[in-house]
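First up is the structure itself, then whatever we jot down about it.
Numbers here simply count residues along the sequence, with the first being 1. Predicted, not measured: the structure shown is a model, and the values here were computed from it.
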Amino acid sequence: MQKILLITKKLEHSPRGGRELLCRLNYEAINQIFGLHLHLLELPTARIANAKLFFNAFRGQIDGLNDLTLRTAFELIDRHNISKVFLDGSNLGGFAREIKRKMPGIEVTTFCHNVESRFFWGAFRTRKTARALAVLFVNFLAERNAARKSDKLIFLSERDSRLFKRIYGRTATHISPIALEDKCPRKFFNSRESHSDEFILFVGGMFYANQAGIAWFIREVSPHINMPIYIVGRGLEVLRAELEVQGNVKVVGAVDSLAEWYYRAKFVIAPIFDGSGMKTKVAEALMYGKKIVGTPEAFSGYEDVLPQAGWMCKTRDEFVSAIVEAQATITQCFDMNLRQIYEQRYSMTAATERLRQILS
């Protein structure tokens, strides 16, 4: 069997954000496929803290890529006779450039979590600082290397593939949608319980698109609906004074477990208007058997499962209308049909089989 080197950010045992979750899942899937033939290079967390690092960033050395980690990668390739390299992120395009320059026979596969230049363009528009502009530019340079030097490019969605082509001139070689580790308690599966609580749930971390989206929803939509809205997510506590302006809004913040929150909620909202990639919380809602009322951005990559998965809304009035319909039509705490969408498309099993086919 061929041997593979996975280069990824430092893997967390209890990942919090969507990117960290997907990195952990990619590792576990590739480990299932290759077993002892998998070799791992975890990159240190790195910040541009001095002039040398700032200069190196414009040479593609970002997010843990540096002279030491490059040497380590080459040593692993030589020592273990590795024939494939899997880069977990198009921000690691500097590795693709150097590997192809020194070892052109190595097959390089890059897994693109986002179109990074589009992602950081959105962040720059939110906060127009010199640092944000520099981060945007160095990620563009790194991603351009991934576009030019990768043999295989994996994207989460056709939307991202089309955008990547407009920027860099290449489309995906493969599409592999987002996937999540299954955290849904089995006791939910046979539940026929009706809702005792009537509330809407928003789940999201302290991320610029989440902040802007939920602020818009509270300002524009919440005055026109008669259901409580609970906002759950690490770091969102700092927005309590800003968001709890309507009597039906409660900012919960970080919680130990999301399972009971999802179970008790009537449905989930995803008012996200900016970003790239696929939104983790949509797949998470399906995992817990919940419908979603969200924007086209939230449902990017999930178009094939609409309208079964929920309602797609572009305006305030569309959100209000969808929420009224959801309130009237959703009767049970757990919808097994939605859970089956997760299992078939967004589960660990589904992702492993997709990667097995791509990397074979």
Side-chain angles (χ1 to χ4, degrees), residues 18 178 180 195 197-237 239-240 242-255 258-275 278-303 305-335 338 341-342 346:
I178 200 168
L180 294 176
H195 284 278
D197 296 324
E198 293 277 324
F199 69 85
I200 299 168
L201 180 65
F202 175 86
V203 179
M206 194 65 171
F207 162 59
Y208 79 90
N210 287 338
Q211 295 175 52
I214 193 58
W216 175 89
F217 185 90
I218 299 304
R219 183 176 64 251
E220 299 292 334
V221 181
S222 64
H224 304 282
I225 58 178
N226 60 359
M227 290 183 71
I229 303 156
Y230 285 83
I231 300 171
V232 174
R234 189 179 304 274
L236 295 179
E237 300 90 342
L239 302 179
R240 187 168 282 129
E242 175 186 346
L243 297 178
E244 288 186 349
V245 292
Q246 301 290 338
N248 60 341
V249 179
K250 174 66 175 177
V251 177
V252 178
V255 296
L258 290 171
E260 291 297 329
W261 283 97
Y262 272 110
Y263 184 73
R264 290 168 47 212
K266 187 85 168 181
F267 54 91
V268 175
I269 55 169
I272 309 301
F273 295 93
D274 198 7
M278 291 176 68
K279 305 304 176 282
T280 305
K281 297 306 177 184
V282 174
E284 188 171 74
L286 295 172
M287 180 177 75
Y288 287 111
K290 289 298 176 182
K291 285 202 169 187
I292 307 101
V293 179
T295 57
E297 178 62 41
F299 281 114
S300 177
Y302 297 96
E303 294 88 353
V305 300
L306 284 170
Q308 189 177 0
W311 295 263
M312 187 164 68
C313 309
K314 297 179 180 179
T315 66
R316 178 195 68 185
D317 292 344
E318 288 179 358
F319 264 96
V320 172
S321 176
I323 288 169
V324 170
E325 184 177 347
Q327 191 173 6
T329 57
I330 297 174
T331 58
Q332 292 183 331
C333 290
F334 186 84
D335 187 332
L338 299 178
I341 293 175
Y342 158 76
Y346 311 117

Compile the donor-acceptor pairs under 3.5 Å between side chains in residues 228-235 and protein atoms, sequence neighbours left out, one pair per line.
none

Pair listing, side chain to side chain donor-acceptor pair (under 3.5 Å) test, anchored in residues 321-331, at least two apart = Asn226-Gln327, Trp311-Glu325
By ring-ring contact (aromatic ring centres under 6.0 Å, His included), which residues pair with Tyr342, not counting sequence neighbours?
-> none
Counting only N and O atoms by type, is there a donor-acceptor contact under 3.5 Å from the side chain of Glu237 to the main-chain atoms of Ala254?
->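 Yes, Glu237 side chain to Ala254 backbone: donor-acceptor pair under 3.5 Å.
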Answer yes or no: is there a donor N or O on one side and an acceptor on the other, between the side chain of Lys266 and the main chain of Ile330, under 3.5 Å?
->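 Checked: pair present.
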Would you please test Tyr288 and Val268 for side chain to side chain contact (heavy atoms under 4.5 Å, CB included) and show each step?
-> CA-CA 10 Å; Tyr288 287 111; Val268 175; over 6 Å; no
In residues 290-302, what donor-acceptor pairs under 3.5 Å come from side-chain atoms, sequence neighbours left out?
unit_1, atom_1, unit_2, atom_2, d
Lys290, NZ, Tyr262, O, 3.3
Lys290, NZ, Tyr263, O, 3.1
Lys290, NZ, Ala265, O, 2.5
Lys290, NZ, Cys333, O, 2.7
Thr295, OG1, Ile272, N, 3.3
Thr295, OG1, Ile272, O, 2.3
Thr295, OG1, Ala298, N, 3.2
Glu297, OE1, Arg159, NH1, 3.1
Glu297, OE2, Arg159, NH2, 3.0
Glu297, OE2, Lys279, NZ, 2.7
Ser300, OG, Arg159, NE, 3.3
Ser300, OG, Arg159, NH2, 3.2
Tyr302, OH, Lys279, O, 2.7
Tyr302, OH, Ala283, N, 3.3

Exercise: identify the closest heavy-atom pair between [X] and [Y]:
X: Ile178; Y: Tyr346; value: O-CD2, 3.2 Å
X: Val249; Y: Glu244; value: O-CG, 3.6 Å
X: Lys314; Y: Phe273; value: O-CE2, 4.4 Å

Can you list the steps and then say if Lys281 with Glu284 is a salt bridge (charged side-chain N to carboxylate O under 4.0 Å, His left out)?
-> CA-CA 5 Å; Lys281 297 306 177 184; Glu284 188 171 74; 3.1 Å; yes
Side-chain contact, heavy-atom cut-off 4.5 Å: Ile341 with Leu338?
-> yes
Test item: Leu239 and Val251 side chains (from C-beta on) under 4.5 Å apart, heavy atoms | no
Residues in salt bridge (Lys or Arg N to Asp or Glu O under 4.0 Å) with Asp335, at least two apart?
->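 For Asp335, no residue satisfies salt bridge (Lys or Arg N to Asp or Glu O under 4.0 Å) once neighbours in sequence are set aside.
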Table please: side-chain donor-acceptor pairs of residues 210-224 below 3.5 Å, with sequence neighbours left out.
unit_1, atom_1, unit_2, atom_2, d
Asn210, ND2, Gly205, O, 3.1
Ser222, OG, Ile218, O, 2.4

